[in-house]
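Here the structure is laid out as structure tokens; the discussion comes afterwards.
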There are 2 protein chains.
Amino acid sequence: MIRNDEEPVGLGALDRVTWALRRAELAVQSLKEQQLRPLGMAAAHYTLLMSVHDESGLTGAELARRLNVTPQAIASLVARLEGRGQLERREHSRHRHIQELHLTDAGREALHAADAVIAGIERQVTDGLGAEDSAQLRALLDRVVKTIRED
Amino acid sequence: MIRNDEEPVGLGALDRVTWALRRAELAVQSLKEQQLRPLGMAAAHYTLLMSVHDESGLTGAELARRLNVTPQAIASLVARLEGRGQLERREHSRHRHIQELHLTDAGREALHAADAVIAGIERQVTDGLGAEDSAQLRALLDRVVKTIRED
DNA sequence: AGGCATAAGTCAAACACTTGATAGTCGTGA
DNA sequence: TCACGACTATCAAGTGTTTGACTTATGCCT
């Protein structure tokens, strides 16, 4: 009853879990971007290449759904990566105007180099936290997603 | 012969802690954006107003550093919020061309309304996780930031 | 005092992403 | 068979952000 619902703004607003989440994600993402830059690859490019590598033959629309962006954003990225020869668009066997996305050898090579950087950051985090806490953090984060989605 | 030592690409790359972190942050941020939209306020606006409220008289450049964006992005936001009468720029006492940022009464009111929404999402997350796990999650996230920064 | 380094703010161009609208292609069912 | 619906891809316009270069103001140092 003595909750300070009277003055919700200002007290502890910066100590919230969702703020800590944002700060942590920003820190990690900034570091990734910074270390990926010398390789001439943005984090978004890495994410896309990794997704295609994980499941070859994905369509742009399917990719858009997985990465939570619009199909146009995907098209723009794909055009750029295709121009670099890291990605290729093939015609779907049945649906003629649908395009399957596949990595080229150059794309696999670039992804490999980029993933070494990302894996290094991942290791830096997991080493800093320890194996047990890392697993727990991942579990907690998955529960957050679940909590948000099932509202 | 040595094809892919340990095959770093492709195995478990999507199970990484930093991916879980990104997914969780994306989910939370999307929900915030979605619920803030009816109030005519973007998440970035809320973040800026809250920062200024937390420490009144901040400069644009200082704000840019805290929020991990460029000064131009701040200037754009500030111009918009100033146009709405939620924020005002005052001349710094010593440095003439430096501008201190302060909330107006309308700004405080808008922030109050927006914070009710954000607090609701925060409650949704903490209720879903429980008090103990919420505290632990926050502690783990802070350790992640610390690990990244002290590289 | 003069000169230089530091820092804040702003302008212009490029890039990325979103929203809204349009066209092409396939499967289904009347 | 053929029209309807669902899905994919793409174009156009608008918004927001970054990068790079420039201007202005302050403080320190010789």
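Fair warning: this is a prediction, and the values are worked out from it, not measured in the lab. Quick note on labels: first sequence line is chain A, next is B, and so on, each numbered from 1.
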Notebook entry, point to check: Does anything in residues 73-88 of chain B pair up under salt bridge (charged side-chain N to carboxylate O under 4.0 Å, His left out), and if so which pairs, sequence neighbours excluded?
Noted result: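 Pairs touching residues 73-88 of chain B that pass the test: B:E82-B:R89, B:E88-B:R90.
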
Length of the line joining [X]:[atom1] and [N]:[atom2], which is rounded to integer Å:
X: A:R65; N: D:dT8; atom1: CZ; atom2: C1'; value: 9 Å
X: A:E100; N: D:dA9; atom1: CD; atom2: C1'; value: 15 Å
X: B:Q29; N: C:dC17; atom1: CD; atom2: C1'; value: 16 Å
X: A:L58; N: D:dA9; atom1: CG; atom2: P; value: 11 Å
X: A:L63; N: D:dC7; atom1: CG; atom2: P; value: 18 Å
X: B:L26; N: C:dT18; atom1: CG; atom2: P; value: 11 Å
X: B:E62; N: C:dA7; atom1: CD; atom2: C1'; value: 12 Å
X: B:I98; N: C:dA8; atom1: CD1; atom2: C1'; value: 6 Å

Margin query: Which residues pass the side chain to side chain contact (heavy atoms under 4.5 Å, CB included) test with A:A79, not counting sequence neighbours?
Written below: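 By the side chain to side chain contact (heavy atoms under 4.5 Å, CB included) rule, A:A79 matches no residue at all.
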
So that I can tick it off, tell me whether [Y] and [X] are bridged by a salt bridge, with the cut-off set at under 4.0 angstrom between side-chain N and carboxylate O.
X: B:R66; Y: B:E62; result: yes
X: B:R108; Y: B:D115; result: no
X: A:D133; Y: A:R138; result: no

Notebook entry, point to check: If you count the non-hydrogen atoms of other residues, nucleotides and ligands that lie under 6.0 Å from CD in A:E91, is the total more than 12?
Noted result: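 Yes, because the 6.0 Å sphere around CD of A:E91 holds more than 12 heavy atoms from other groups.
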
Please write out each protein N/O paired with an N/O of nucleotides 16-18 of chain D under 3.5 Å, distance rounded to 0.1 Å.
| residue | atom | partner | partner atom | Å |
| --- | --- | --- | --- | --- |
| D:dG16 | OP2 | B:R80 | NH2 | 2.7 |
| D:dT18 | OP2 | B:T70 | N | 3.2 |
| D:dT18 | OP2 | B:T70 | OG1 | 2.6 |

Margin query: Both A:H97 and B:Q99 contact DNA chain C. Taking the nearest nucleotide for each, which residue is further toward the 5' end?
Written below: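 The answer here is B:Q99.
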
Margin query: If you only use heavy atoms from C-beta on, which nucleotide in C:dC26, C:dT10, D:dT8 is closest to the side chain of B:A75?
Written below: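 Nearest listed nucleotide: C:dT10.
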
Note to self: Looking at A:H95 and C:dT25, is any side-chain donor or acceptor paired with a base atom of the opposite kind under 3.5 Å?
What the structure shows: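 No pair found.
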
Next item on the list: Taking all non-hydrogen atoms of both residues into account, name the closest pair between A:H102 and A:S56 and its distance.
Entry: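 Distance-wise, the nearest heavy atoms are ND1-OG, 3.0 Å.
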
